[in-house]
Amino acid sequence: MTLASPVTLKEHGHIGVLHINNPPVNALSPATVQGLIDGLAAFEHKPQLRALVLHCEGRTFVAGGDIASFDAPDFSAVPYNTFLARLEAQTRPVVAALHGTTLGGGLELAMACHWRIAATGTRVGLPEVKLGLIPGSLGTQRLPRLAGAERALQMMSTGVMVGSQDALAASIVDELTDQPLLDAALARASALADSGNIRRASSLKVDTASLPADFFQQAKAQAASRPQYPALAAIAACVEAAATQPFAQGEALEAKVFMDCMKSPASAAMRHLFFAERQANKIPGLAHDVKVRPIQRVGVLGAGTMGGGIAMTFANAGFEVTLVEANAQALERGMGIIRANYEATAAKGKLSPEQMSQRLARIHPSLKDQDLGDCDLVIEAVFENMALKQEIAARLGKVCKPGAIIATNTSTLDVNLIAQATGRAADVVGMHFFSPAHVMRLLEVVRGDHTAPEVLATVMKLASKIGKVAAVSGVCYGFIGNRMAEVYMREAEFLLLEGATPAQVDAAVEALGFAMGPCRMLDMAGIDVGAKTVIELGKSGGLPNDPSYRVVAQALFAMGHFGQKTGAGYYRYEGRKPVTHEVTLTLCANLAKQHGIARRSDITPQEIVERLTYTMINEGARILEEGIAYRGSDIDIIWTAGYGFPDHRGGPMHMADTIGLRQIVASLNHYAQLRGNAHGYWTVSPLLQRVADEGGRLDSTTSPHWH
Ligand code: COA
């Protein structure tokens with residue numbers, strides 16, 4: 001073993017301890033695996049040692065395989081699996097001492113040991129499915145043998161972490177301790193050496209008698225219903241093998257299907273998102289040691305749907321919240337909705353009555369701006385109108401204490417103008433939450449021209465405290481997300497004018513894996529909201545000189561067809577079920593005639609997908625080019641965490657790379673010819689063209705502004 005090895009064998013009296021030290025999370029890098037192999041060999045050469053303990057330094061036991069090394073051309077799970085077999089075969093007891101988050105390859109390591117002792121509070125899990133993978137180091141075979149087929153299937157198919165008490169009850173760990181972990185593990189190793197009691201998970205039998213007769217049939221059928229996640233079917237097959245076949249056969253099956261999953265586009269996409277999410281938190285040009293401002297009390301101005309959801313988000317994370325509204329009726333209504341939301345969550349059993357009253361008690365309603373004076377952060381969530389936002393900003397500039405951060409929840413407006421109105425632009429930042437704010441994971445953080453570095457750093461740190469994934473956008477109309485969504489909606493509407501129905505457009509996009517197509521989405525969000533944004537954009541001179549631009553939404557708005565809430569929009573609603581609305585189809589045909597747009601009957605799902613998503617990808621490339629986004633991967637995070645873009649496609653930039661950038665460019669050029677390009681809708685972004693020509697990738701492109 002070299003000095004640099006992350007694994008060292010130490011002797012504690014007559015017990016050997018393999019110490020693993022590979023910060024930050026002791027992931028199994030190739031060097032760590034080699035260190036384990038060498039460490040075990042060293043132990044084998046020391047017959048005087050009576051037992052072996054595996055123990056990790058730092059915040060956690062091994063938290064998984066090193067995801068970063070999975071793409072290495074020579075990646076193979078074989079050396080690790082061979083090591084695990086040798087570890088389990090030891091004739092002297094081997095004890096795993098667990099703490100932190102024992103995940104993936106870490107839990108597989110622990111399960112190959114003869115005894116698992118865990119510090120209270122440890123969490124264990126096999127989260128590979130979240131990366132489009134299956135456990136590849138015999139987790140699919142050992143977990144069912146320890147915890148039963150049902151539990152193992154549930155854990156591996158969802159990737160959830162299990163707390164230490166549950167892990168003990170499920171026999172995944174053998175013992176919990178509140179004592180210093182290493183001492184307790186050494187004592188246990190000693191006792192096991194005395195008793196000679198060694199239990200190997202691989203030699204256990206899965207209890208199949210207690211399973212329903214059609215258990216595996218059901219499990220496989222359920223997995224098959226979600227073919228976009230091939231890991232699910234692989235997990236079901238492996239659990240069945242664990243329950244019905246000898247260990248060696250299950251092992252062979254796992255090895256085969258693991259490699260199939262590893263090569264799947266879904267896994268590449270989900271692994272990309274894992275790192276993209278962590279990367280998004282890193283802000284170019286921000287000094288490493290920039291100080292964050294302390295945030296304890298949060299103010300929210302506006303108790304509508306957004307304001308209420310934002311207040312709940314902070315209350316859920318333990319912050320005291322002051323919620324201010326202009327009039328008593330609106331405040332009461334807002335608090336009523338918050339209460340009803342909590343009650344609904346409690347009714348589902350996801351919140352205890354005590355938790356619910358604690359959270360409610362953290363939200364302090366008020367009718368006075370002055371009550372925001374002691375808040376460290378105030379977020380305005382009033383109606384999307386520049387004049388109103390500026391007036392509020394001016395008031396907040398005065399009422400907020402020095403050093404307080406003033407945030408705006410605008411989803412499209414110019415944050416610089418709002419910042420200016422406060423008279424203290426350095427304190428101002430955009431915090432664009434997505435509706436419902438207490439549910440949606442994304443926080444789009446908008447960096448104004450004058451936003452102070454520590455304000456930005458504070459908000460990014462705060463995002464993880466409130467359970468959000470944050471990505472930074474510069475200032476432009478709609479920022480990253482809504483600016484791209486505008487292009488997507490534009491194409492959806494042109495297709496309606498050309499003869500596609502809302503149902504056709506939605507079905508094509510939903511087949512890609514989108515949670516909801518554009519027409520259903522806008523019907524739900526409110527056509528009034530969408531149309532007003534277009535109208536506002538027009539007033540500020542931001543629309544192309546195209547009289548047919550989004551005329552469908554504007555006409556529906558004029559007719560009072562606001563979507564689901566009025567019973568009609570792009571669709572007509574029977575309860576919550578969208579059905580084809582002849583009125584909309586006739587409207588589209590009339591509008592097409594009025595604007596001289598030729599109707600066609602040959603629009604295919606492929607054309608719909610290409611026109612909606614390739615233009616959006618092109619817009620994403622422009623956003624990168626202008627420095628509005630730092631990186632292509634940030635755009636992927638925004639779309640997957642905030643807009644229902646399927647994670648198994650990795651976001652629009654990653655999807656573009658998978659399709660091939662040259663093909664995207666060719667397709668944009670094709671539609672420019674087909675439809676004409678008078679307004680530049682199909683003009684290929686120079687950055688996209690360049691990256692395509694160079695054979696590069698958009699999902700790893702950094703904006704030229706931030707090099
Ligand atoms: N491989 C490589 N790097 C990993 C990793 C892994 N399995 N797990 C975490 N990291 C890295 C992260 O990229 C991050 O690096 P950075 O600081 O350079 O950005 C760092 O470790 C800390 O991770 P982070 O997620 O920010 O910390 P956390 O405390 O919030 O969460 C975990 C820790 C372990 C719970 C979380 O990282 C996680 O779920 N990891 C994945 C575990 C997994 O899927 N294992 C199975 C793989 S086979």
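Read the numbers this way: they start at 1 and go in the same order the structure lists the ligands and their atoms.
- In this pair, H432 and F434 present their aromatic rings tilted. The plane angle is within the 30 to 60° band.
- Taking T102 as the reference, nothing meets the side chain to side chain donor-acceptor pair (under 3.5 Å) condition, with sequence neighbours excluded.
- Contacts of D260 classified as side chain to side chain donor-acceptor pair (under 3.5 Å), with partners at least two apart in sequence or in another chain: K256.
- The protein residues lying under 4.0 angstrom from ligand 1, judged by non-hydrogen atoms, are P24, V25, A27, R59, A63, G64, G65, D66, I67, F70, T101, L103, G104, P127, E128, L131, F274, F275, R278, K282.
- Taking E625 as the reference, nothing meets the salt bridge (Lys or Arg N to Asp or Glu O under 4.0 Å) condition, with sequence neighbours excluded.
- Residues I405 and R293 come closest through the heavy atom pair CG1-NH1, 3.9 Å.
- H272 and H654 have parallel rings, their planes meeting at less than 30° on a 0 to 90° scale where 60° marks the start of perpendicular.
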